[in-house]
Structure formats: C-alpha cells, structure tokens
Participant: 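The structure follows.
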Amino acid sequence: GAVVSQHPSWVICKSGTSVKIECRSLDFQATTMFWYRQFPKQSLMLMATSNEGSKATYEQGVEKDKFLINHASLTLSTLTVTSAHPEDSSFYICSARGNQQGPTYEQYFGPGTRLTVT
Amino acid sequence: QQPVQSPQAVILREGEDAVINCSSSKALYSVHWYRQKHGEAPVFLMILLKGGEQKGHDKISASFNEKKQQSSLYLTASQLSYSGTYFCGTEGSARQLTFGSGTQLTVLP
C-alpha cells in the first residue's frame with residue numbers, strides 16, 4: 001500500500017513556457033502533500049506544503065507566483081512551474097502523508113519528475 | 001534548519017558495518033530515515049518517534065536520542081544493495097520534513 005505516483009516522469013520544455021506536474025496518492029487519501037526540489041548531488045529541499053482545500057504554504061525563498069500549487073482533492077496535488085527558465089531545471093519530488101484512517105506518520109514519495117528547461 | 005549528517009561519504013566492503021549520524025540544533029518530534037538511489041526518489045527506511053527508541057529491520061537499525069537531538073543509523077553486514085545516499089529527515093511542528101545533507105554510502109564487492 002501507500003503508493004504515490006507522479007506524472008510525467010520527465011519533461012523537456014522551452015524557456016518561458018509553463019509545465020504542470022501531477023502528484024497522486026493511489027491507495028490512500030492524502031490531506032497533506034509536500035513538494036521538494038533536488039539539484040544534482042544535493043539534498044531534497046522542501047518547496048511547499050500543500051493542504052487539500054486550502055492555500056499552499058511556501059518555504060522561504062520559494063516564489064509562490066512562479067510555483068503554483070493546487071491540492072484540489074484528497075488524492076491529487078499539482079505543481080505548475082510558470083515561465084520556466086533553465087535554472088528551474090531540477091528533480092521535483094512530491095510526498096504524501098495520509099489522514100487519520102491511513103498512514104499517519106510516514107511520508108511516501110513519488111518517483112520524481114525530472115524537468116529540463118532549454 | 002537543516003540537520004547535520006556525518007560522515008558525508010563512506011566506502012565499505014561487502015559484509016562490513018557502518019554508522020551514519022544525524023544531529024539537529026532544534027528539538028525533534030521524530031526522525032525519519034530514507035535511502036535514495038541515483039535518479040530515483042527516496043525510499044522510506046524507518047521512523048523513530050520517541051526519545052530512546054530503537055528500531056530495526058533486517059540488518060538496518062536506528063536509534064533516537066531525544067535529549068541530544070541525535071539519531072544514528074546502523075548498517076550491519078552491508079550488502080551491495082545498501083549503496084545509495086542516506087538522508088535523515090527531522091519533522092517540524094507542521095509535520096514537514098527537513099532533510100540532512102545526505103551520506104553517500106558505497107558498498108564494494
């Protein structure tokens with residue numbers, strides 16, 4: 001159980017365009033999802049906490065107008081990178097934490113999405 | 001604030017043991033341990049919720065010293081499959097995880 005999927009697995013886009021990444025919890029309801037970014041050989045850096053039905057909480061230094069997060073249902077959160085630039089190229093990973101009926105403590109990670117902006 | 005992991009990297013021969021340490025300057029609610037292979041997402045290993053708790057699975061175990069705000073991950077009789085980067089994650093008040101800088105473990109045959 002506790003499977004999290006991400007789509008797409010990788011995406012290459014041109015500078016200035018927008019890219020949407022989906023994160024789904026497949027077999028449990030996730031009241032909270034987290035979005036991380038990881039640059040090569042570095043740790044995962046939390047970008048934002050996404051709560052179902054409310055606005056996301058962004059970490060310091062993360063532009064909320066550039067990284068739009070929508071958590072429309074208990075199984076789906078989306079991250080849209082707007083007006084992408086080459087420096088946004090990174091590995092984006094989501095994780096999900098269940099509600100009281102599901103996994104309560106562990107965070108389950110999606111497989112990640114590799115974004116390359118040319 | 002990011003927890004500090006040590007060592008940054010370790011190289012072992014198959015069958016040898018290793019210890020990875022994680023320390024935080026802030027009070028810890030819990031400590032999570034993950035292993036990440038290159039190009040893949042982190043895989044959950046275990047979580048320690050209480051000070052003094054020790055936990056293990058197969059030949060990987062961990063301890064949590066709440067007073068010292070530290071946790072250690074013990075890998076016994078390492079296998080080739082243990083290679084990867086190990087991250088500890090400390091949980092904040094909003095249940096968000098802050099990951100350490102990682103420890104790159106390489107197990108050689």
Side-chain angles (χ1 to χ4, degrees), chain A residues 1-7 9-10 21 23-24 30-51 54-62 69 90-100 102-116, chain B residues 1-9 20-24 26 28-50 53 55 57 60 62 64 71 73 83-106:
Chain A
V3 177
V4 176
S5 70
Q6 274 184 248
H7 179 81
S9 300
W10 58 269
I21 302 170
C23 177
R24 292 182 187 271
T31 51
T32 304
M33 289 184 173
F34 303 92
W35 286 97
Y36 296 85
R37 181 168 52 182
Q38 186 177 33
F39 292 106
K41 297 192 176 181
Q42 293 188 21
S43 185
L44 290 86
M45 298 304 294
L46 180 66
M47 298 175 67
T49 301
S50 169
N51 293 298
S54 63
K55 288 184 179 179
T57 303
Y58 290 83
E59 295 299 299
Q60 197 170 13
V62 178
I69 291 172
S90 187
F91 192 46
Y92 291 86
I93 310 174
C94 72
S95 70
R97 187 170 64 83
N99 60 15
Q100 290 181 347
T104 55
Y105 296 109
E106 296 89 347
Q107 284 189 28
Y108 295 92
F109 282 82
T113 297
R114 187 160 301 283
L115 171 65
T116 304
Chain B
Q1 200 163 2
Q2 191 176 36
V4 176
Q5 281 185 238
S6 63
Q8 288 185 325
I20 300 171
N21 299 303
C22 174
S23 63
S24 173
K26 299 196 299 185
L28 300 176
Y29 291 91
S30 64
V31 178
H32 302 226
W33 285 97
Y34 289 83
R35 176 173 59 216
Q36 185 180 31
K37 304 255 183 194
H38 181 70
E40 299 177 10
V43 173
F44 174 78
L45 293 177
M46 63 186 79
I47 178 175
L48 298 141
L49 297 173
K50 302 175 190 175
E53 185 173 30
K55 191 176 281 189
H57 182 69
I60 299 176
F64 178 22
S71 177
L73 185 72
S83 292
T85 302
Y86 289 78
F87 293 100
C88 67
T90 55
E91 192 169 347
S93 56
R95 314 302 295 277
Q96 77 278 29
L97 284 178
T98 301
F99 285 92
S101 50
T103 296
Q104 189 171 349
L105 182 80
T106 304

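So that the names make sense, note that chain A is the first sequence line, chain B the second, and so on, each numbered from 1. Because the structure is predicted, anything quoted here is derived from the model rather than measured.
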Participant: So which part of F99(B) gets closer than 4.5 Å to some heavy atom of chain A, the side chain, the backbone, both or neither?
Facilitator: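 It is both, since atoms from each part get that close.
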Participant: Can you measure from CG (L97(B)) to CG (L46(A)) and round to the nearest 0.5 angstrom?
Facilitator: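 It is 8.5 Å, given to the nearest 0.5 Å.
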Participant: Can you establish whether the number of heavy atoms outside M46(B) located under 6.0 Å from its atom CE is more than 12?
Facilitator: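 Check passes, neighbour count above 12.
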Participant: Are any non-hydrogen side-chain atoms of Q2(B) and S43(A) less than 4.5 angstrom apart?
Facilitator: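 Yes, side chains in contact.
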Participant: Got a second to check how far Q38(A)'s CD is from Q36(B)'s CD, nearest 0.5 Å?
Facilitator: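 Result: 4.0 Å between the selected atoms.
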Participant: With a 4.5 angstrom heavy-atom cut-off, could you sort out which part of Q104(B) is near chain A: side chain, backbone, both or neither?
Facilitator: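 Neither part.
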Participant: What heavy-atom pair brings G110(A) and A41(B) nearest, and what distance separates the two atoms?
Facilitator: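 What the structure gives for the nearest pair is O-CB, 2.7 Å.
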Participant: Taking the side chain as every heavy atom from C-beta outward, state whether L44(A) and F87(B) have any pair of such atoms under 4.5 Å apart.
Facilitator: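 The answer is yes; the side chains approach within 4.5 Å.
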Participant: Is it the side chain or the backbone of I93(A) that comes within 4.5 Å of chain B heavy atoms, both, or neither?
Facilitator: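 The side chain, not the backbone.
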Participant: How many angstroms lie between CZ in F109(A) and CZ in F44(B), if you round to the nearest 0.5 Å?
Facilitator: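 If we round to the nearest 0.5 Å, F109(A):CZ and F44(B):CZ are 10.5 Å apart.
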Participant: Do other residues, nucleotides or ligands put more than 12 heavy atoms under 6.0 Å from K37(B) NZ?
Facilitator: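 Count over threshold, so yes.
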Participant: Once you round to the nearest 0.5 Å, how far does OG1 of T85(B) lie from NZ of K41(A)?
Facilitator: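 Spacing of OG1 (T85(B)) from NZ (K41(A)) equals 9.5 Å.
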